[in-house]
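In what follows, a structure is listed as structure tokens, so that the remarks can point back to it.
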Amino acid sequence: MSKRQSILSLYEKLISRYGPQGWWPILSKANKKGFDEKGYHPSLYDYPKSKLERYEIVVGSILTQNTAWKNVEKALLNLFHKKMFSPESVLKCEQKFLAQVIRPAGYYNQKAIKLKHITEWFISNDYIISKKTERFKRSEYFKEDEVNLLISEVRSNLLKVHGVGPETADSILLYAYHIPTFVVDSYTKRLFQIHKIYTPTGKNLLDYQKIQKMVHSVFNQKDYVSKVKIFNEFHALIVKEGKNSVN
DNA sequence: TCCCAGGGGCCGA
DNA sequence: TCGGCCCATGGG
């Protein structure tokens, strides 16, 4: 089997085994119509729909770094309950206080600094990026060059932000803005190795880029929305499988 | 008690 | 460039 076929069959296997995962969870919408008690929304791919929902995903992507999602939920709930959940209030808030509010997520001093930085980025970039992606989602034709330009611009912009590395940048692109890019994590590297799709070089960044490139070339749909959907599910399913195989 | 979880920054060689 | 170290809580 070619690597291309291996990747395709891995995706098919995972989606038929686990079904739609409903990523990225939006905790503030938990138990609302279409959402479960943790804010997952299986088969609803048009979320996030609002600025605040996008901000929740951006914040979550920082808080979850090297951290179990369960602890991120506690930190998010703290932010909601303290009525601190908006870009403005996070910026306004004293850093030490912010750190205490997000304490359950761990690395709280580091993450308070990171949240300040990503929030500044969000305030100056959210509107323009979501406008552009709305246009792609509506258009009938997949303008590949334009989309690739958008990806590389926003991505390199994000990577300059303190606290944002490749995985966090791609998570924000894909899950907050519906920009079709594949998120690579340690589960992905392990799973691809097991399935003999990829032999690790040992160099973290290089592995990341090579795996991402492979997946991008396999799913070359001309339809923007279905591409976003596949990358959304594929990463979420790999995380599901990764957790499943550990236990 | 130990180990890991939906990483990334920084520093010295 | 790259390896090693640091950040830190909570659950199994």
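No hydrogens, no waters, no symmetry mates; every other heavy atom, side chains included, goes into these values. In what follows, chains carry the letters A, B, and so on, assigned in the order in which the sequence lines appear, proteins first and then strands, with residues in each chain numbered from 1.
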Backbone of A:N148 reached by a side-chain donor or acceptor of A:S152 within 3.5 Å:
yes

Assuming nearest nucleotide by heavy-atom distance, tell me which of A:L159 and A:G60 is located more 5' along DNA chain B.
A:G60

Mapping A:V239 and A:G163 onto DNA chain B by nearest heavy atom, which one lands closer to the 5' end?
A:V239

What class does the angle between the rings of A:H235 and A:Y175 fall in, given that below 30° is parallel, 30 to 60° is tilted and above 60° is perpendicular?
tilted

A:Y55 vs A:F122 aromatic rings, parallel, tilted or perpendicular, using cut-offs 30° and 60°?
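A:Y55 vs A:F122 ring planes: tilted.
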
Out of A:K137, A:E134, A:R54, which one pairs with A:H178 under the side-chain hydrogen bond (donor to acceptor under 3.5 Å, both in side chains) rule?
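So the option named by the test is A:K137.
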
Picking from A:K13, A:K240, A:E241, what satisfies side-chain hydrogen bond (donor to acceptor under 3.5 Å, both in side chains) with A:Y18?
A:E241

So which pairs with a foot in residues 107-121 of chain A pass salt bridge (charged side-chain N to carboxylate O under 4.0 Å, His left out), sequence neighbours left out?
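Checked against salt bridge (charged side-chain N to carboxylate O under 4.0 Å, His left out) - neighbours excluded - no pair reaches residues 107-121 of chain A.
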
By nearest atom, which of the nucleotides B:dG6, C:dC7, B:dG7 is closest to the A:T64 side chain?
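When the side chain of A:T64 is considered, B:dG6 is the closest of B:dG6, C:dC7, B:dG7.
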
So which nucleotide from B:dA5, B:dG6, C:dC2 ends up closest to the side chain of A:K203?
C:dC2

Quick one: do the A:Y208 and A:D170 side chains pair a donor with an acceptor below 3.5 Å?
yes

B:dG6 phosphate, OP1 or OP2, under 4.0 Å from A:S61 side-chain N/O:
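It does not, given that no N or O in the side chain of A:S61 lies less than 4.0 Å from OP1 or OP2 of B:dG6.
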
Presence of A:Y108 side-chain N/O under 4.0 Å of C:dT9 phosphate oxygens OP1/OP2
yes

Atom CE in A:M214, atom CZ in A:F182: separation rounded to 0.5 Å?
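The CZ atom of A:F182 is 10.5 Å from CE of A:M214, to the nearest 0.5 Å.
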
Measuring from A:L79:CG to A:L98:CG, what's the distance to the nearest 0.5 Å?
6.5 Å

Give the rounded distance in Å between these two atoms: [atom1] of [X] and [atom2] of [N].
| X | N | atom1 | atom2 | result |
| --- | --- | --- | --- | --- |
| A:H162 | B:dG7 | NE2 | C1' | 12 Å |
| A:I62 | B:dG9 | CD1 | C1' | 12 Å |
| A:H117 | B:dG7 | NE2 | P | 21 Å |
| A:L191 | B:dG6 | CG | P | 15 Å |

What about A:K114: does its side chain form a donor-acceptor pair under 3.5 Å with the base of B:dG8?
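Donor-acceptor pair under 3.5 Å: no.
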
Using only modelled atom types and a 3.5 angstrom limit, is any donor from either the side chain of A:Y208 or the base of B:dG8 paired with an acceptor on the other?
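Side chain to base: no pair below 3.5 Å.
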
Check for me: is A:W23 stacked on B:dG6 by the 5.5 Å centroid and 30° plane-angle rule?
yes

May I ask whether A:W69 stacks on the base of B:dG6, given the cut-offs of 5.5 Å between ring centres and 30° between planes?
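Stack criterion met.
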
Using Watson-Crick and G-U wobble pairs with both distances under 3.5 Å, what is the 5'-to-3' dot-bracket string of DNA chain C, with [ ] for crossing pairs and | for pairs outside the strand?
|||||||.||||

Indicate, with a heavy-atom threshold strictly under 4.0 Å, whether [X] touches base, sugar-phosphate, or nothing.
| X | result |
| --- | --- |
| A:N109 | sugar-phosphate |
| A:V161 | sugar-phosphate |
| A:V164 | sugar-phosphate |

Inter-nucleotide C1' distance (B:dG6, C:dG3), Å rounded:
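It comes out at 24 Å once rounded to the nearest Å.
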
Flag this pair as yes if the NZ/CZ of A:K32 is under 6.0 angstrom from the six-membered ring centre of A:F35 and inside a 45 degree cone about the axis; otherwise no.
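The answer is no; the distance or angle limit is not met.
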
Protein-nucleotides 10-12 of chain C N/O pairs closer than 3.5 Å?
{"residue": "C:dG10", "atom": "O4'", "partner": "A:N71", "partner atom": "OD1", "Å": "3.4"}
{"residue": "C:dG10", "atom": "O4'", "partner": "A:N71", "partner atom": "ND2", "Å": "3.4"}
{"residue": "C:dG10", "atom": "O3'", "partner": "A:K74", "partner atom": "NZ", "Å": "3.3"}
{"residue": "C:dG11", "atom": "OP1", "partner": "A:K74", "partner atom": "NZ", "Å": "2.5"}

